[in-house]
Trainee: 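Dropping a structure here in structure tokens format, bear with me for questions.
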Amino acid sequence: PPKVVLDVDAHRLPSGGVVVFIDDISERRRIDQVRTDFVANISHELKTPVGALSVLAETLEDETDPETMRRVVGRMQGEAARASRTIDDLLELSRIELGGERSIEPIRLPDVINEAMARVAELAQQRQVGVSNLMAADQFDDIVVHGDRRQLISALGNLVENGVKYSEPGGLVQVRARYHEGIVELGVTDEGIGIPKRDLDRIFERFYRVDKARSRETGGTGLGLSIVRHVAQNHVGDVAVRSVEGEGSTFMLRLPARRAGERATPDSSYDA
Ligand code: ADP
């Protein structure tokens with residue numbers, strides 16, 4: 001159960017009476033705790049590759065075999081890339097959380113989908129996973145989302161990328177969209193490893209991973225889904241997941257949208 005923390009302060013009045021101030025600071029304490037945990041997590045996440053780098057550098061010191069040297073240097077590059085990805089994702093997350101820099105403009109839905117898919121094309125090819133867009137051509141041509149282009153592409157791109165990362169070779173990731181009364185729902189479905197029920201609530205937390213080894217092997221930072229959730233919230237939307245372990249997952253990103261030319265409904269407009 002959440003702990004209640006009270007700040008109590010008493011003052012004697014000139015009249016002889018006493019006033020007592022009781023302030024509920026539980027929420028402030030909770031936020032402080034989340035922040036402290038986050039900093040500890042970041043330190044840990046960066047310590048791992050930095051530690052590996054230093055061990056690898058040491059082995060290079062007395063190494064003379066060119067083949068071994070090349071292998072070690074390759075691993076060092078991998079670790080450096082990993083640290084750098086974590087830093088990039090952290091910067092992106094903090095930019096999105098602050099929300100200051102966003103530029104809000106009308107964006108055609110097909111642009112978001114095409115760009116997100118293009119971003120993942122190379123990885124999909126490497127991992128031999130198919131990615132298909134199930135939307136009939138021109139069906140969503142006139143659907144417009146008001147928002148930050150970069151954030152939206154990043155959110156959908158992260159979902160498609162996860163679909164690819166957590167699929168076996170030969171698997172298929174499908175992207176679809178549905179529009180109904182001012183809400184567009186983007187669905188990303190894979191036939192991959194799925195997510196155990198007990199982890200479903202936690203996967204949107206920063207650095208939470210079901211399988212650390214798998215996330216690491218696929219180059220994951222553990223921040224992708226928290227970026228997705230923040231982007232959804234910034235756009236007055238949400239993200240949900242359905243998954244069966246061993247069968248696959250579907251992530252649904254819902255955003256306020258409208259048909260070009262349609263009037264915005266008051267509660268669904270990003271800039272209202
Ligand atoms: P990561 O960089 O580790 O992929 P994310 O924040 O994107 O971090 O995802 C958090 C965790 O959720 C992943 O480590 C993985 O365990 C799980 N996950 C996310 N997407 C999928 C998916 N499509 N299929 C199976 N597991 C997934």
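We count residues from 1, following the sequence as given. From a predicted model like this one, the values you see are computed outputs, not experimental measurements.
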Trainee: Atom CD1 in Ile153, atom CG in Asp111: separation rounded to 0.5 Å?
Mentor: 7.5 Å

Trainee: With heavy-atom distances below 4.5 Å as the criterion, would you say the side chains of Arg35 and Ile31 are in contact?
Mentor: yes

Trainee: Counting only N and O atoms by type, is there a donor-acceptor contact under 3.5 Å from the side chain of Thr68 to the main-chain atoms of Thr64?
Mentor: no

Trainee: Can you see which heavy atom on Val129 is nearest to which on Val164, and at what distance?
Mentor: CG2-O, 3.9 Å

Trainee: Under 3.5 Å, is there a donor-acceptor pair between the side chain of Ser43 and the main chain of Val39?
Mentor: yes

Trainee: Would you confirm whether Asp190, through its side chain, and Ser249, through its main-chain N or O, come within 3.5 Å as a donor-acceptor pair?
Mentor: yes

Trainee: Rounded at 0.5 Å granularity, tell me how far CD in Gln174 sits from CG in Asn133.
Mentor: 10.5 Å

Trainee: Below 4.5 Å, heavy atoms only, C-beta onward: do Glu45 and Arg206 meet side chain to side chain?
Mentor: no

Trainee: Between Arg28 and Asp7, does at least one N-O distance fall below 4.0 Å, as a salt bridge requires?
Mentor: no

Trainee: Indicate yes or no for a side-chain donor-acceptor contact from Ser84 to the backbone of Ala80 under 3.5 Å, with no hydrogens or angles considered.
Mentor: no

Trainee: Taking atom OG1 of Thr59 and atom CE of Met69, what is their separation to the nearest 0.5 Å?
Mentor: 9.5 Å

Trainee: Using a 3.5 Å distance criterion without hydrogens, assess whether the side chain of Asp23 forms a donor-acceptor pair with backbone atoms of Ile25.
Mentor: no

Trainee: Do you know the tightest heavy-atom contact between Asp148 and Ile107?
Mentor: C-CD1, 3.9 Å

Trainee: Is it the case that the side chain of His146 and the backbone of Pro256 share a donor-acceptor pair, with hydrogens and angles ignored and the cut-off at 3.5 Å?
Mentor: no

Trainee: Are Ile113 and Met252 connected, step by step, through hydrophobic side chains (Ile, Leu, Val, Met, Phe, Trp, Tyr) whose heavy atoms are closer than 4.5 Å?
Mentor: no

Trainee: For a side chain to side chain contact (heavy atoms under 4.5 Å, CB included) with Phe251, tell me which candidate from Leu225, Val228, Leu186 qualifies.
Mentor: Leu225

Trainee: Applying the 4.5 Å side-chain criterion to the ILVMFWY set and letting contacts propagate, would Ile193 and Val160 be lumped into a single cluster?
Mentor: no

Trainee: Would you give the length of the straight line joining atom CG of Leu109 to atom CG of Asn114, rounded to the nearest 0.5 angstrom?
Mentor: 9.0 Å

Trainee: Identify the two heavy atoms, one from Ala232 and one from Val239, that lie closest to each other, and give their separation to 0.1 Å.
Mentor: CB-N, 4.2 Å

Trainee: Please report the closest heavy-atom contact between Gly248 and Ser243, naming both atoms and the distance.
Mentor: O-OG, 3.1 Å

Trainee: Roughly how far apart are Tyr166 OH and Glu161 CD, rounded to 0.5 Å?
Mentor: 9.0 Å

Trainee: So which of Gln233, Arg229, Arg254 actually passes side chain to side chain donor-acceptor pair (under 3.5 Å) with Asp238?
Mentor: Arg254

Trainee: Answer yes when Arg71 and Glu63 have at least one side-chain N-carboxylate O distance shorter than 4.0 Å, and no when they do not.
Mentor: no

Trainee: What I'd like to find out is whether the side chain of Leu223 reaches to under 4.5 Å of the side chain of Phe207, using heavy atoms alone.
Mentor: yes

Trainee: Taking the side chain as every heavy atom from C-beta outward, state whether Asp201 and Tyr208 have any atom pair closer than 4.5 Å.
Mentor: no

Trainee: Can you name the ring pair (Phe, Tyr, Trp, His ring centres under 6.0 Å) partners of His44, sequence neighbours left out?
Mentor: none

Trainee: Are Leu156 and Leu152 close enough that some pair of their side-chain heavy atoms sits under 4.5 Å apart?
Mentor: no

Trainee: Inspect the surroundings of CD in Glu122 and state if more than 12 heavy atoms from other residues, nucleotides or ligands are less than 6.0 Å away.
Mentor: no

Trainee: Just by distance, no angles: are the side chains of Thr221 and Asp89 close enough, under 3.5 Å, to form a donor-acceptor pair?
Mentor: yes

Trainee: Got a second to check how far Asn158's CG is from Arg119's CZ, nearest 0.5 Å?
Mentor: 8.0 Å

Trainee: Taking 4.0 angstrom as the limit, do Glu67 and Arg70 come out as a salt bridge?
Mentor: yes

